[in-house]
Each structure stands twice: as structure tokens, then as C-alpha cells.
Novice: 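After the C-alpha cells below, expect a handful of questions from me.
Whatever order the structure lists ligands and atoms in, that order sets their numbers, starting from 1.
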Amino acid sequence: MSGLQALAPLIAIDGPTASGKGTVAQRVAHALGWAHLDSGALYRMCALAALRGGIALDDEAGLAALAGALPVRFGDGGLELGGEDVTEAIRDEAVGSAASRIAALPALRAALLGLQRDCRRPPGLVADGRDMGTVVFPDATVKIFLTASAGSRAERRHKQLIEKGFSANLADLLRDLQQRDERDSKRAVAPLRPAQGAVVIDSTHLDIDETVAQVLRVYRHRVRR
Ligand code: C5P
């Protein structure tokens, strides 16, 4: 990590599936004029590449090699994998499920570390995921753990998918989300849990604007001290 990267301020936002952390992170980054890292998208891109390339989801060495050479580009218009815009393709529930399975593999996680840390540059970075504050950026300026009840997260995800024209069933989504929570929080490597010193925000009864405002308040309070 270069000196400049170590100095760049960083807000780490971790939380379970569909807690709204992606949207919140994007809005916080926009408000501060910083870059945004959606680390879940990297796991989803690995999963998509594995599914397309016929790599088994338990082939740890094969998946780590794939992740280490992932042809990713964070363009202005979206996320590119080998020159193809995969912004929509990686949002498919099957890709999300596969991402959650391969994310339990230590060698794959290690292979994605450098790519994530390289995103930390001035003027600052808002990084969202499961292990931003615990593993990838343990020296983050501010750590947020954003959560919400499983029912409200399933409803949000359902609404999002329907709006995007995907078909979705609320009961299936809830079951899948609970399975993913269980896998993400019980895995041996980088399990989902609030980082030491993280501020926990429960957004069950908050809308996006209120959640963004809370995160910005926490950050401004921290840097003023
Ligand atoms: O956040 P999102 O649902 O897009 O992430 C897809 C999957 O990638 C998650 O279910 C999780 O298992 C994994 N992931 C992870 N660590 C991160 C980000 C995502 O394990 N930092």
C-alpha cells in the first residue's frame, strides 16, 4: 500500500445482504466527492465468470486463479468484465447465491485483497461489503455496520428486482437471504460481524436519506475530534 493510499480517508460500510449498504455507500461517496467500492460486485463478477467458464464453485485453486487475474474495470457507466458491461448480469439471484458460496473460500478472498486496497486513493473511498472494516481496511476512518430486519430486507430486494424487470417471489427471496446471512456470518474466514469500534445503524425504520445523513454525521463527528 502506498503512503498516499494509507492517508486517504475511508468509510467502511459492512452489513448483511440487502441492508441498503450499496445505495447508502454510493450516496455517501457522492456527497463527499469520493470514490465508491462495491466489493460484493467483485465476488459477483468472480461468480459470473466461474459459472460461464464452467469452473466448479468448490474449486478453490481454480477460483483463486480466476480472481487473481479478473479483467475488471470500474467504468463511469458501469462494471466491466473483460470489456463487457455486466452491471445487470451480476445482479441475478443465481449469481448472488454463487458469490456467497465462493466467498467462503480463503484463497479466493486473498486473491481479491490487492484489487480492493488499490481503490483507496485521495480524496477518499467509501467501501461497502462484509469485511471492509474487519479485514480489508482495518484502519478505516469510520466503520459502519448497517443492518435491518430480514423481512424488510427481503421486501426491499423484491421491490428492486421487480422494478428492474426480473421475476421474484418474496418467500423465496426471504429464504435465500436467510441462508446467505447464515453462510456469511458462520464462515470461518472473514465472517460477517460488526468490526471493533463500528457504529451499528439499524435501517429497518429509516429511509435512504435518513441513513445517509446518519453515516455522514458519524464521519463528520469523527474527523472533527
Ligand atoms: O453484497 P452482495 O450481495 O453484492 O455480495 C454478494 C456476496 O459476496 C455476499 O453474499 C457475500 O457472501 C460476498 N461478499 C463477501 N465479502 C464482501 C462482499 C461480498 O463475502 N466484502
Novice: Rounded to the nearest 0.5 Å, how far apart are CG of L37 and CD of Q116?
Specialist: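 L37 CG to Q116 CD: 6.0 Å, rounded to 0.5 Å.
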
Novice: Atoms of ligand 1 less than 4.0 Å from D131 heavy atoms?
Specialist: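 The atoms of ligand 1 under 4.0 Å from a heavy atom of D131 are 16 (N), 17 (C), 21 (N).
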
Novice: How close does the nearest protein non-hydrogen atom get to atom 8 (O) of ligand 1, and which residue and atom is it?
Specialist: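 It is Y43 CB, 3.5 Å.
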
Novice: How far is atom 19 (C) of ligand 1 from the closest protein heavy atom, and which atom is that?
Specialist: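 Heavy-atom neighbour on the protein nearest atom 19 (C) of ligand 1: G40 CA, 3.5 Å.
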
Novice: What residue and heavy atom of the protein are closest to atom 7 (C) of ligand 1, and at what distance?
Specialist: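 The closest heavy atom on the protein side is A99 CB, 3.9 Å.
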
Novice: Taking atom CZ of F74 and atom CG of L79, what is their separation to the nearest 0.5 Å?
Specialist: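 Result: 6.5 Å between the selected atoms.
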
Novice: Which is closest to atom 16 (N) of ligand 1 in terms of heavy atoms, Q116, R109, R91, Q179?
Specialist: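 Nearest option to atom 16 (N) of ligand 1, by heavy atoms: R109.
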
Novice: In the protein, what heavy atom is nearest to atom 12 (O) of ligand 1, and what distance, to one decimal place, separates them?
Specialist: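 Sorting protein heavy atoms by distance from atom 12 (O) of ligand 1 puts D184 OD1, 2.7 Å first.
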
Novice: Any side-chain heavy atom of P106 sitting closer than 4.5 Å to one from E60?
Specialist: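 Heavy-atom side-chain distance check passes, below 4.5 Å.
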
Novice: Do D131 and R109 come close enough that some side-chain heavy atom pair is under 4.5 Å?
Specialist: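 Result yes, sub-4.5 Å side-chain heavy-atom pair found.
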
Novice: First locate atom NZ of K164, then atom CD1 of I162, and finally report the distance between them rounded to the nearest 0.5 Å.
Specialist: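 Reported value, rounded in 0.5 Å steps: 12.0 Å.
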
Novice: Between R183 and ligand 1, which residue portion shows a heavy-atom distance shorter than 4.0 Å: side chain, backbone, both, or neither?
Specialist: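 Looking at R183 and ligand 1, no heavy atom falls under 4.0 Å.
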
Novice: Is the shortest heavy-atom distance from the side chain of Y43 to the side chain of L108 under 4.5 Å?
Specialist: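 Yes, side chains in contact.
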
Novice: I'd like the name of whichever of R130, R44, R187 reaches closest to atom 4 (O) of ligand 1 through any heavy atom.
Specialist: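 Minimum heavy-atom distance to atom 4 (O) of ligand 1 goes to R44.
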
Novice: Among protein heavy atoms, which sits nearest to atom 10 (O) of ligand 1, and what does the distance come to when rounded to 0.1 Å?
Specialist: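 Nearest protein contact, heavy atoms only, for atom 10 (O) of ligand 1 is R180 CD, 3.1 Å.
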
Novice: Enumerate the atoms of ligand 1 whose separation from the nearest heavy atom of G129 is less than 4.0 angstrom.
Specialist: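 Contacts of ligand 1 toward G129, numbered from 1: 18 (C), 21 (N).
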
Novice: I'd like to check which ligand 1 atoms, numbered from 1 as shown, lie under 4.0 Å from a non-hydrogen atom of M132.
Specialist: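 Listed by number with element, the hits are 21 (N).
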
Novice: Within the 3.5 Å criterion, strictly below it, is a donor on S100 or R183 matched to an acceptor on the partner's side chain?
Specialist: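 There is such a pair (donor and acceptor under 3.5 Å, judged by atom type) between the side chains of S100 and R183.
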
Novice: Which ligand 1 atoms are under 4.0 Å away from a heavy-atom of T17?
Specialist: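 Every atom of ligand 1 under 4.0 Å from some heavy atom of T17: 3 (O).
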
Novice: Are the side chains of Y219 and V28 in touch, meaning some heavy atoms are under 4.5 Å apart?
Specialist: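 No, every pair of side-chain atoms sits at 4.5 Å or beyond.
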
Novice: Looking only at distances, can you tell me whether any N or O atom of D38, backbone or side chain, sits closer than 3.5 Å to an N or O atom of ligand 1?
Specialist: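 By distance alone, the answer is no.
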
Novice: Are any of the side-chain heavy atoms of I144 and V24 separated by less than 4.5 Å?
Specialist: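 No. Closest side-chain heavy atoms not under 4.5 Å.
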
Novice: Can you tell me if CZ on R187 sees more than 12 non-hydrogen neighbours from other groups inside 6.0 Å?
Specialist: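 It does: R187 CZ has more than 12 such atoms within range.
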
Novice: Go through ligand 1 atom by atom and flag the ones less than 4.0 Å from a non-hydrogen atom of A103.
Specialist: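 Every atom of ligand 1 under 4.0 Å from some heavy atom of A103: 12 (O), 13 (C), 20 (O).
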
Novice: Which ligand 1 atoms are under 4.0 Å away from a heavy-atom of K21?
Specialist: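 Those of ligand 1 that fall under 4.0 Å from K21 are 1 (O).
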
Novice: Can R101 be said to touch ligand 1, with heavy atoms closer than 4.0 Å?
Specialist: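 Judged by the 4.0 Å heavy-atom criterion, R101 does not count as contacting ligand 1.
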
